[in-house]
Amino acid sequence: MTGGPAPSSWSERLADLGIELPEVVAPLAAYVPAVRTGDLVYTAGQLPIVGGELVATGKVGADVDAEEAKALARTCGLNALAAVHALVGIDAVVRVVKVVGFVASAPGFGGQPDVINGASELFGEVFGDAGAHARSAVGVSELPRNAPVEVEIVVEVA
């Protein structure tokens with residue numbers, strides 16, 4: 001992930017990229033979208049929800065193809081950034097520390113890393129070198145609401 005000239009703020013970088021953070025997705029159960037402890041913010045798992053609606057359902061490799069799932073992971077990443085922004089402001093982010101992605105996988109589907117690249121590449125676009133992170137990409141049999149993808153992040157903040 002490459003940097004280039006640093007913007008004066010991450011919000012400016014988002015604007016330069018034409019990316020608008022969505023509204024925070026309302027929790028679907030008994031949790032909050034993000035929690036800060038010390039200089040870290042942990043987000044809850046974010047689904048590919050746009051405008052209050054889950055935009056796709058099913059298993060990747062059967063009902064949802066890998067390219068669509070990658071785009072859905074990007075949407076999950078945007079929702080995670082929105083949760084961070086609502087809690088501390090996007091400009092407080094120092095770096096993305098960890099990304100955990102879950103992919104509801106059809107039997108035999110092994111492309112979880114490529115799917116979760118949708119979120120990882122977003123963080124690289126927005127944060128440059130500060131978007132480089134540790135990551136897990138896990139195949140699971142089911143996700144909440146029959147979502148194909150779920151992403152959670154940990155970011156360091158100032």
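Since this is a predicted model, take the numbers as computed values, not measurements.
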Checklist entry - Which pair of heavy atoms, one from Ala104 and one from Gly58, lies closest together, and at what distance? => result CB-O, 4.1 Å

Next on the checklist: Checking the side chain of Glu142 only, and the main-chain atoms of Val140 only, is there a donor and an acceptor separated by less than 3.5 Å?
Outcome noted: no

Checklist entry - Would you say Val96 and Val88 are hydrophobically clustered, going by side-chain heavy atoms of ILVMFWY under 4.5 Å? => result yes

Next on the checklist: Between Val154 and Val32, is there shared hydrophobic-cluster membership here, with clusters defined by ILVMFWY side-chain heavy atoms closer than 4.5 Å?
Outcome noted: no

Checklist entry - Do the side chain of Thr43 and the main chain of Ala34 share a donor and acceptor less than 3.5 angstrom apart? => result no

Next on the checklist: Tell me whether Arg36 contacts the main-chain N or O of Gly38 through its side chain, where contact means a donor paired with an acceptor under 3.5 Å.
Outcome noted: yes

Checklist entry - Would you say the side chain of Leu21 lies within less than 4.5 Å of the side chain of Leu14, judging by non-hydrogen atoms? => result yes

Checklist entry - Does Asp91 use its side chain to pair, donor to acceptor, with the backbone of Trp10 at less than 3.5 Å? => result yes

Next on the checklist: Is there a side-chain contact between Ile153 and Val84 in this structure, where contact means two heavy atoms from C-beta onward sitting under 4.5 Å apart?
Outcome noted: yes

Checklist entry - Quick one: does Phe127's side chain get under 4.5 Å of Leu122's, heavy atoms only? => result no

Checklist outcome for this item: Tested for side-chain contact (heavy atoms from CB on, under 4.5 Å) against Phe102, the lone hit among Val138, Leu47, Val151, Val149 is Val138

Checklist outcome for this item: Minimal heavy-atom distance between Gly77 and Ala119, with the atoms involved, is CA-CB, 4.4 Å

Checklist entry - Can Val35 be reached from Leu28 by stepping across I, L, V, M, F, W or Y side chains whose heavy atoms are under 4.5 Å apart? => result no

Next on the checklist: Closer than 3.5 angstrom, by distance alone: can the side chain of Asn79 be matched with the main-chain N or O of Ile49 as a donor-acceptor pair?
Outcome noted: yes

Item to check | Under 3.5 Å: donor-acceptor pair, side chain of His85, backbone of Ala83 | outcome: no

Next on the checklist: What I want to check is whether the side chains of Ser120 and Arg135 have a donor and an acceptor closer together than 3.5 Å.
Outcome noted: yes

Checklist outcome for this item: On a heavy-atom basis, the closest approach of Ala69 and Val60 is CB-CG2, 3.7 Å

Next on the checklist: Please give me the minimum heavy-atom distance between Val94 and Val157, naming the atom from each residue.
Outcome noted: CG2-C, 3.6 Å

Next on the checklist: Using modelled atom types and a 3.5 Å cut-off, is there a donor and acceptor pairing between side-chain atoms of Lys59 and backbone atoms of Ser141?
Outcome noted: yes

Next on the checklist: Restricting to non-hydrogen atoms, name the atom on Ile19 and the atom on Val126 that form the minimum distance, rounded to 0.1 Å.
Outcome noted: CD1-CG2, 4.2 Å

Item to check | Basic-acidic side-chain contact under 4.0 Å: Lys70, Glu121 | outcome: yes

Item to check | Validation row: Val97, His133 side chains within 4.5 angstrom (heavy atoms) | outcome: no

Item to check | Heavy-atom donor-acceptor pair, Arg95 side chain to Val155 backbone, under 3.5 Å | outcome: no

Checklist entry - Can you tell me if OH on Tyr42 sees more than 12 non-hydrogen neighbours from other groups inside 6.0 Å? => result no

Item to check | Sidechain-backbone polar pair: Ser105 side chain, Val103 backbone, donor-acceptor under 3.5 Å | outcome: yes

Item to check | Glu125 and Arg74 ion-paired at < 4.0 Å | outcome: yes

Checklist entry - Which pair of heavy atoms, one from Pro48 and one from Pro148, lies closest together, and at what distance? => result CG-CD, 4.4 Å

